Amino acid sequence: GAVVSQHPSRVICKSGTSVKIECRSLDFQATTMFWYRQFPKKSLMLMATSNEGSKATYEQGVEKDKFLINHASLTLSTLTVTSAHPEDSSFYICSARDKLLYNSPLHFGNGTRLTVT
Amino acid sequence: GDSVTQMEGPVTLSEEAFLTINCTYTATGYPSLFWYVQYPGEGLQLLLKATKADDKGSNKGFEATYRKETTSFHLEKGSVQVSDSAVYFCALRLLNNQGGKLIFGQGTELSVKP
């Protein structure tokens, strides 16, 4: 089945540094990918919709200069957390859909646990 | 706006007990409905789906029926196992909504004891 690979699975960084998280669709092409954030014991909050070849669409309240999204190809989207602070520590999950199967379910990566010290 | 509401957890059951996790939704259009499962430390896996009214999704012994009249998509399983312990998310998707983003319920944690 379709696989979405997310890397790294865990990252620890110091406050003030930037961290890049990659999301790859391994056996399909995805014109749209979604980035979610999940707090402990909480649901998934959609941060932004990543569109191949164009600017990402951010949800209300999400700082686009803080969370930079680049969808440079049909198989790769990246989320960069800039100038990270401890409050950015969270579980980040990406998802993607096969561009040829518009009504197909979203496939999710295994998430990235970010800890900012 | 569009939203999904799930019953609050945690739900604790003994092995082989019957499971129901309630899910209701509010949507302006005609959504597709999904149940996802998240095991500790992992991402989400699609459990089952239904794309129109009266459809029944099923997988691994879990079932859910799309009830338009009650705007519900309750998850059921006749006999749970310890390995079913996870967090379950109900979600809806409107295809005319920014490429079909998913809107999730708050999640229901299930703990199955031997």
Side-chain angles (χ1 to χ4, degrees), chain A residues 1-10 21 23-24 30-60 62 71 77 91-99 101-113 115, chain B residues 1-11 21 23 25 29-52 55 57 59-60 64 73 86-111:
Chain A
V3 177
V4 173
S5 173
Q6 203 172 325
H7 179 79
S9 58
R10 291 179 179 274
I21 302 169
C23 180
R24 294 181 184 273
T31 49
T32 302
M33 294 184 175
F34 301 91
W35 287 96
Y36 290 85
R37 180 174 180 175
Q38 186 178 31
F39 294 97
K41 305 286 187 182
K42 298 290 185 182
S43 186
L44 283 79
M45 180 191 77
L46 180 66
M47 299 174 65
T49 303
S50 169
N51 303 296
E52 187 268 336
S54 65
K55 291 183 179 180
T57 304
Y58 289 82
E59 295 299 303
Q60 191 173 10
V62 177
H71 194 152
S77 175
F91 195 54
Y92 294 87
I93 307 176
C94 72
S95 66
R97 181 183 303 110
D98 190 329
K99 75 166 192 170
L101 302 173
Y102 186 63
N103 198 25
S104 66
L106 287 177
H107 300 282
F108 284 80
N110 275 336
T112 297
R113 171 75 59 194
T115 303
Chain B
D2 304 321
S3 66
V4 176
T5 302
Q6 292 178 233
M7 63 186 286
E8 283 197 29
V11 173
I21 300 178
C23 170
Y25 67 90
Y30 300 95
S32 294
L33 300 174
F34 304 84
W35 277 100
Y36 282 85
V37 58
Q38 184 179 33
Y39 297 100
E42 297 183 9
L44 273 69
Q45 299 175 27
L46 177 66
L47 183 59
L48 53 84
K49 67 171 183 173
T51 57
K52 62 183 187 297
D55 269 2
N59 185 28
K60 300 180 181 179
F73 193 55
V87 181
Y88 293 81
F89 290 94
C90 185
L92 70 81
R93 186 180 79 198
L94 293 168
L95 288 179
N96 61 351
N97 183 14
Q98 293 184 335
K101 66 183 181 183
L102 283 173
I103 297 172
F104 286 92
Q106 67 269 40
T108 302
E109 182 179 1
L110 170 65
S111 176

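None of these values were measured; they are calculated from a predicted model. First the proteins, then the strands, lettered A, B, ... as listed; each starts at 1.
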Inset, instruction - Under the ring pair (Phe, Tyr, Trp, His ring centres under 6.0 Å) rule, collect the residues that match up with B:Y88, sequence neighbours excluded. - result: B:F62

Inset, instruction - Select one option (side chain, backbone, both, neither) describing which atoms of B:Q38 are under 4.5 Å from chain A's heavy atoms. - result: side chain

Inset, instruction - Examine whether an atom of B:L102 lies under 4.5 Å from a heavy atom of chain A, and if so say whether it belongs to the side chain, the backbone or both; otherwise answer neither. - result: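 Both backbone and side chain of B:L102 come within 4.5 Å of chain A.
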
Legend entry - Part of A:Q6 lying under 4.5 Å from any heavy atom of chain B: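 A:Q6 has no heavy atom closer than 4.5 Å to chain B.
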
Legend entry - Heavy-atom pair count under 4.5 Å with chain B, highest-scoring of A:I93, A:L44, A:T112, A:T31: A:L44

Legend entry - Working for side-chain contact (heavy atoms from CB on, under 4.5 Å), residues B:Q6 and B:F73: CA-CA 10 Å; B:Q6 292 178 233; B:F73 193 55; over 6 Å; no

Legend entry - Near-ring test A:Y36/B:F104, centroid separation under 6.0 angstrom: yes

Legend entry - Contacts of type side-chain hydrogen bond (donor to acceptor under 3.5 Å, both in side chains), residue B:S111, not counting sequence neighbours: B:K113

